Amino acid sequence: MKDSMKMSVTYQFVFLILIQLAASAVALLFGIVAFGYFLTINIAKQIVAAAFMIMNFAMLYIYSKKFAILDNKPYTPLKPSVIKGIMFGAVISIINVLMLFAVSTVWKYWGEATGVQNVIRTVVNAVVYIWTFPYEGIMNLEKGSFTILSAIMVVILPIGATTAGYIAGKRHFELAEKIDSLMYEKDEN
């Protein structure tokens, strides 16, 4: 990550988009290697998707929190704003929605019973599959169609993660410390 003195808002947006791509790639690799068999079973696929969506949420949360912490430093040119945290997620959500419409369009106009033919259309299909893999278990992405639940999740999850992370970073909220204080009995001696 860049030094906070040299960081720009554009850098933060691009970095979070790359984090979304990394979260999707990790979910894809982990899903194929560890859960390849379970991805063929409907209920197991949904449980695995829930785990991957939690991981995706966590990665976006952590990095948007780091950006808020850096924005709070007195020597940085960037100033913290909750709107920026919402916009981080909105940009990722817009990309997610565009991906869903791209694959839907490809299947609608150029799909055949055997699949999508043509290199460019196949690449579009593969890119959408990789980008949206954390949602794959609930998406039912068959021949360009997707479920309403997955459309809602690809919009709400990034916005919720980046907003919550940015607010936590701005207010110096440490979730791990809060959970730790609830789990252990404090010694009053």
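What you see is a predicted model; the values in this text were computed from it and never measured.
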Q. Can you check whether Gln20 reaches Ile95 side chain to side chain, under 4.5 Å on heavy atoms?
A. no
(Q) Please give me the minimum heavy-atom distance between Ile130 and Ser24, naming the atom from each residue. (A) O-CB, 3.1 Å
Q. Can you name the nearest heavy-atom pair linking Pro134 to Ala23, along with the distance?
A. CG-O, 4.5 Å
**Q.** Separation of Ile92 CD1 from Asn56 CG (nearest 0.5 Å)
**A.** 8.0 Å
Q) Does a sphere of radius 6.0 Å around CZ in Phe101 hold more than 12 heavy atoms from other residues, nucleotides or ligands, not counting ones at 6.0 Å or beyond? A) no
Q: May I ask whether Tyr11 and Leu21 are part of the same hydrophobic cluster, defined by side-chain heavy atoms of I, L, V, M, F, W, Y residues being less than 4.5 angstrom apart, directly or through others?
A: yes
Q: Indicate yes or no: at least one non-hydrogen side-chain atom of His172 is less than 4.5 angstrom from one of Asn72.
A: yes
Q.
Please tell me whether Val128 and Leu98 are part of a single hydrophobic cluster in this structure, the criterion being side-chain heavy atoms less than 4.5 Å apart.
A. no
Q: Identify the two heavy atoms, one from Val154 and one from Ala151, that lie closest to each other, and give their separation to 0.1 Å.
A: CG2-O, 3.3 Å
Q: If the plane angle is over 60° it's perpendicular, under 30° parallel, otherwise tilted; pick one for Phe57 and Tyr61.
A: parallel
Q. CG/Leu60 to CD1/Ile17 distance, rounded to the nearest 0.5 angstrom?
A. 10.5 Å
**Q.** Interatomic distance, Thr162 atom OG1 to Leu157 atom CG [nearest 0.5 angstrom]
**A.** 9.5 Å
Q. By side-chain hydrogen bond (donor to acceptor under 3.5 Å, both in side chains), which residues pair with Lys170, not counting sequence neighbours?
A. none
Q.
To the nearest 0.5 Å, what is the distance between CD on Gln12 and OH on Tyr166?
A. 6.0 Å
Q. Should the ring pair Phe133 and Phe52 be called parallel, tilted or perpendicular, given that the plane angle runs from 0 to 90° and is split at 30 and 60?
A. tilted
(Q) Please tell me whether Met99 and Leu18 are part of a single hydrophobic cluster in this structure, the criterion being side-chain heavy atoms less than 4.5 Å apart. (A) no
(Q) ring pair (Phe, Tyr, Trp, His ring centres under 6.0 Å), that's the test. Do Phe88 and Tyr63 meet it? Break it down for me. (A) CA-CA 11 Å; Phe88 286 154; Tyr63 284 100; over 10 Å; no
Q. Applying the 4.5 Å side-chain criterion to the ILVMFWY set and letting contacts propagate, would Ile159 and Leu149 be lumped into a single cluster?
A. yes
Q: Flag the pair Leu28 / Tyr129 as yes when at least one side-chain heavy-atom distance between them is below 4.5 Å, and no otherwise.
A: yes
Q) Rounded to the nearest 0.5 Å, what separation is found between the CE atom of Met53 and the CD atom of Gln46? A) 9.0 Å
**Q.** Common cluster, Ile54/Val48, ILVMFWY with side-chain heavy-atom separation under 4.5 Å
**A.** no
Q | Non-hydrogen side-chain atoms of Leu78 and Leu70 separated by less than 4.5 Å | A | no
Q.
Return the OG1 to CE distance between Thr163 and Met87, rounded to the nearest 0.5 Å.
A. 10.0 Å
Q. Does any N or O in the side chain of Lys66 come within less than 3.5 Å of the main-chain N or O of Gly165, such that one atom is a donor and the other an acceptor?
A. no
